[in-house]
Amino acid sequence: MAKTVQSIRGMHDILPPETAAWQFVEGRLRELMEAYAYHEIRMPLVEQTGLFARSIGEVTDIVEKEMYTFEDRNGDSLSLRPEGTASCVRAGVEHGILHNQQQRLWYMGPMFRHERPQKGRYRQFHQIGVEAFGMTGPDVDAEIILMAARLWQRLGLADEVRLEINTLGSAEARAVYRRHLVDYFAYHESQLDDESRERLHRNPMRILDSKNPDMQDLVEGAPRLADHLDTESREHFDGLLALLDALGVDYRVNHRLVRGLDYYNRTVFEWVTDHLGAQGTVCAGGRYDGLVRQLGGRATPAAGFAIGLERLISLVAEHGFDTPAGEPHCYLGLLGEEAVASGHRLAEGLRDALPGLRLQVNCGGGGMKAQMKRADKSGAEFALILGADEVREGRVTLKPLRGGEQVNLARDAVANELATRLQLESKA
RNA sequence: GUGGACGUAGCUCAGCUGGUAGAGCUCAGGAUUGUGACUCCUGCGGUCGAGGGUUCGAAUCCCUUCGUCCACCCCA
């Protein structure tokens with residue numbers, strides 16, 4: 001045990017009982033994307049480091065201390081992607097699919113951040129991301145929020161999450177506001193804690209996020225971004241809230257909601273829950289109208305969000321709908337050497353006839369008792385038994401494992417019997 | 001990066017102020033020539049996370065290190 005190799009810290013294997021839940025949730029997500037006519041895009045896991053520095057922001061925690069960065073053999077600095085938006089925009093610009101047109105895209109896959117692991121936070125984690133390009137108005141903001149809302153509905157989580165929303169205004173308005181904020185906090189610098197003092201000039205808006213109880217009064221008294229909004233952003237936000245009202249989406253405006261990535265402007269939102277410990281954000285997103293241009297494309301408005309799959313799946317496991325476990329319908333036991341070839345032939349025939357059938361065939365021999373034990377443990381509803389007697393007589397024994405009488409069937413009647421009992425589509 | 005708790009069989013855990021490692025589950029076999037889930041019996045399975053120190057003697061005490069969990073920070 002001493003010399004075994006372990007997985008990298010914060011990077012976890014996902015094992016069979018759990019992969020079933022992942023597949024279920026991923027399936028629902030794909031259906032959701034199709035329901036809104038979004039198209040899948042797949043990007044590399046590795047990009048030039050500069051892409052993330054330029055988009056996420058040089059002074060963010062992600063870029064400063066959380067990226068997996070290494071040197072390629074030719075000396076280029078590469079990084080494992082810490083999030084998907086930057087890569088998606090890069091790919092879109094590189095292939096011209098954002099130029100002068102609308103695009104609705106999604107992707108799903110692993111992301112990497114070198115943080116201290118914690119509940120709901122891992123160094124390799126998975127996100128599904130949605131990005132909509134080329135639409136200026138609040139209607140698309142509302143659309144992506146509706147997508148998320150529908151997902152909670154479909155997974156039985158509607159009562160477990162709530163929407164918080166805010167607007168950051170335009171980059172220009174934010175710059176003005178930022179100056180007011182720095183002035184305010186600088187005036188009260190003696191009341192700032194060490195962290196906030198550190199943030200004062202580097203990233204002052206993050207001070208508003210402080211959870212330090214001693215600073216709540218100071219933060220409450222700070223100038224509000226809402227009072228410094230440019231007219232267009234104000235109207236955009238009002239328009240979005242009106243849409244959400246009209247569509248029956250509940251939300252809470254949270255003036256202190258500031259996203260950690262630099263590229264956001266105007267709308268930002270988070271879906272949060274109380275059931276995930278300290279990492280309560282399941283879904284986060286917003287508008288990033290400047291990013292496409294910043295990464296070398298023609299100015300293109302954009303909005304999107306990302307959902308953390310580990311967080312989503314743990315929420316579903318504890319508070320959402322049951323996910324199917326993927327057990328076989330049927331376990332075929334084979335007694336004796338003479339039954340092996342015959343049994344596999346039978347199994348192949350059943351799989352031909354019943355494409356939806358999940359059939360596990362006994363391998364590795366064993367007596368009746370051992371095979372019945374395996375059948376039970378597999379979770380199958382039925383055992384099929386093929387021994388020397390059955391082979392000789394052209395028959396198969398079907399034994400219900402969860403109650404009911406065992407029956408002896410003609411070999412060519414098995415498919416129909418299973419189709420009926422399991423309510424499967426038959427091809428024959 | 002900081003702090004707290006914890007690492008003993010494949011899994012869940014017990015093991016007192018130091019005396020040389022146990023249970024349950026799982027798995028294999030049997031009681032039951034070809035019938036699982038209940039019961040009983042037998043068996044397989046451990047350099048006690050790793051390395052060092054103290055000691056006649058360390059799973060137990062000390063140091064270091066790796067890892068897990070949780071929180072801070074930050075975020076999905």
Side-chain angles (χ1 to χ4, degrees), chain A residues 1-12 15 17 56 60-66 81-85 108-130 148 161 193-196 198-199 203 206 209-212 257-261 270-273 276-285 304-315 331 333-336 339 362 364-391 397-403 405-406 408:
Chain A
M1 194 159 341
K3 300 289 187 275
T4 55
V5 176
Q6 296 177 297
S7 69
I8 305 301
R9 178 172 208 189
M11 304 198 182
H12 297 303
L15 303 174
I56 295 167
T60 56
D61 280 7
I62 292 177
V63 168
E64 278 187 330
K65 46 196 187 197
E66 295 175 2
R81 62 186 190 189
E83 58 107 41
T85 301
M108 183 154 58
M111 307 293 166
F112 303 84
R113 291 183 201 171
H114 190 105
E115 299 178 272
R116 193 75 168 261
Q118 192 182 325
K119 185 181 183 68
R121 195 176 72 185
Y122 310 99
R123 290 185 174 183
Q124 174 171 335
F125 62 103
H126 298 76
Q127 285 187 336
I128 182 163
V130 165
V161 295
D193 58 23
D194 291 347
E195 260 169 38
S196 298
E198 161 75 19
R199 284 175 182 157
N203 206 342
R206 297 231 64 97
D209 273 345
S210 173
K211 288 165 197 152
N212 185 343
L257 178 65
V258 183
R259 311 259 42 261
L261 288 64
E270 282 187 8
W271 293 87
V272 296
T273 176
L276 289 176
Q279 312 299 325
T281 304
V282 201
C283 170
F305 67 73
I307 294 173
L309 295 190
E310 281 81 359
R311 292 179 187 180
L312 176 62
I313 286 163
S314 100
L315 258 191
Y331 189 100
L334 306 176
L335 297 168
N362 185 77
M368 181 63 135
K369 187 186 172 91
Q371 297 200 31
M372 290 311 293
K373 266 188 164 179
R374 289 178 197 150
D376 183 48
K377 204 183 154 214
S378 76
E381 205 167 323
F382 299 102
L384 290 172
I385 301 165
L386 190 73
D389 299 347
E390 284 88 349
V391 171
T397 299
L398 180 130
K399 176 187 171 82
L401 294 171
R402 318 293 157 199
E405 289 297 304
Q406 161 173 328
N408 187 273

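Naming: A, B, ... by sequence-line order, numbering from 1 per chain. On a predicted model such as this, the values are computed, not experimentally measured, just so you know.
A salt bridge does not link A:E115 with A:R123: none of the charged nitrogens is closer than 4.0 Å to a carboxylate oxygen. Between A:D376 and A:K399, no side-chain nitrogen of the basic residue sits less than 4.0 Å from a carboxylate oxygen of the acidic one, so the salt-bridge criterion is not met.
Between A:Q118 and the phosphate of B:rC70, there is no side-chain N or O to OP1/OP2 separation shorter than 4.0 Å. Contact annotation: A:H114 side-chain N/O to B:rC75 OP1/OP2 distance is not under 4.0 Å. OP1 or OP2 of B:rU68 has not a single side-chain nitrogen or oxygen of A:K119 nearer than 4.0 Å.
Between B:rA21 and B:rG4, the two C1' atoms lie 29 Å apart (nearest whole Å). Rounded to whole Å, the C1' atom of B:rC25 lies 36 Å from the corresponding atom of B:rU64. B:rU2 and B:rG53 have their P atoms separated by 28 Å, given to the nearest Å. If you take atom P in B:rG22 and the same atom in B:rU35, they sit 37 Å apart, rounded to whole Å. Rounded to the nearest Å, the gap between the P atom of B:rC44 and that of B:rA23 is 12 Å. Taking atom C1' in both B:rG67 and B:rU8, the straight-line distance is 15 Å, to the nearest Å. Atom P of B:rG52 sits at a distance of 40 Å from the matching atom of B:rU42, rounded to the whole Å. The same atom, C1', is picked in B:rC63 and in B:rU26; the two are 38 Å apart, to the nearest Å.
B:rC40: Watson-Crick or G-U partner is B:rG30, with both key distances under 3.5 Å. Across the strands present, B:rG67 finds its partner in B:rC6; the criterion is a Watson-Crick or G-U wobble pair with both atom distances under 3.5 angstrom. In this structure, B:rG57 makes no Watson-Crick or G-U wobble pair, since no nucleotide meets both defining distances under 3.5 angstrom. Under the Watson-Crick and G-U wobble criteria, each requiring two contacts below 3.5 Å, nucleotide B:rG1 is paired to B:rC72. Base-pair partner of B:rA23: B:rU12 (Watson-Crick or G-U wobble, both distances under 3.5 Å).
Rounding to whole angstrom units, CE of residue A:M372 and C1' of B:rU33 are separated by 17 Å. The nearest whole Å value for the distance from the CZ atom in A:F112 to the C1' atom in B:rC75 is 17 Å. Atom NZ of A:K65 is separated from atom P of B:rG1 by 11 Å (rounded to the nearest Å). The separation between A:Q279 atom CD and B:rC70 atom P is 9 Å, rounded to whole Å. Atoms CZ (A:R121) and P (B:rA76) sit 12 Å apart, rounded to a whole Å. Atom pair A:R9:CZ and B:rC69:P shows a separation of 9 Å (rounding to whole Å applied). In this structure, A:Q406 places its CD atom 9 Å from C1' of B:rG34, rounding to the nearest Å. For A:F305 and B:rA76, the CZ to P distance is 13 Å, given to the nearest whole Å.
On a pure distance criterion of 3.5 Å, no polar donor-acceptor pair joins the side chain of A:Q371 and the base of B:rU35. Between the base of B:rU2 and the side chain of A:R116 there is a donor-acceptor pair shorter than 3.5 Å.
Counting non-hydrogen atoms under 4.0 angstrom, A:G10 reaches the backbone sugars and phosphates but no base. Note on A:F382: nothing from the nucleic acid sits closer than 4.0 angstrom, heavy atoms only.
Residues satisfying the side-chain contact (heavy atoms from CB on, under 4.5 Å) test with A:M368, not counting sequence neighbours, are A:L335, A:M372, A:I385. A search for ring pair (Phe, Tyr, Trp, His ring centres under 6.0 Å) contacts involving A:Y122 returns A:H12, not counting sequence neighbours.
Both A:G120 and A:E390 lie near RNA chain B, and the one whose nearest nucleotide falls closer to the 5' end is A:E390. Mapped onto RNA chain B by nearest heavy atom, A:D389 and A:Q127 fall at different nucleotides, with A:D389 at the one closer to the 5' end.
Residues A:Q127 and A:I307 form no side-chain contact, since every pair of their non-hydrogen atoms from C-beta on lies 4.5 Å or further apart. Residues A:E310 and A:R121 have side chains not in contact (no heavy-atom distance under 4.5 Å, counting atoms from C-beta outward). Two residues are said to be in side-chain contact when any heavy atoms from C-beta on lie closer than 4.5 Å; A:P82 and A:M111 fail this criterion. For the pair A:Y331 and A:N362, the minimum side-chain heavy-atom distance is below 4.5 Å. Contact annotation: the side chain of A:R9 never approaches that of A:H114 to less than 4.5 Å [non-hydrogen atoms, C-beta and beyond].
Taking only side-chain atoms of A:K377, from C-beta outward, the nucleotide of B:rG67, B:rG36, B:rU26 with the closest atom is B:rU26. Of the candidates B:rA76, B:rG36, B:rG34, the closest approach to any side-chain atom of A:A284 belongs to B:rA76. With B:rU35, B:rG29, B:rA37 as the candidates, the nucleotide lying closest to the side chain of A:D376 is B:rA37. If you check B:rC69, B:rC75, B:rG34 against the side chain of A:I385, the one that comes closest is B:rG34. Side-chain atoms of A:H12 lie closest to B:rC69 of the nucleotides B:rA28, B:rC69, B:rG34.
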**Prompt:** What string of B, S and - do you get for nucleotides 38-44 of chain B, 5' to 3', if B is base contact, S is sugar-phosphate-only contact and - is no contact with any protein heavy atom under 4.0 Å?
**Reply:** -------
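Under 3.5 Å, the side chains of A:E390 and A:T397 contain a donor-acceptor pair of N or O atoms.
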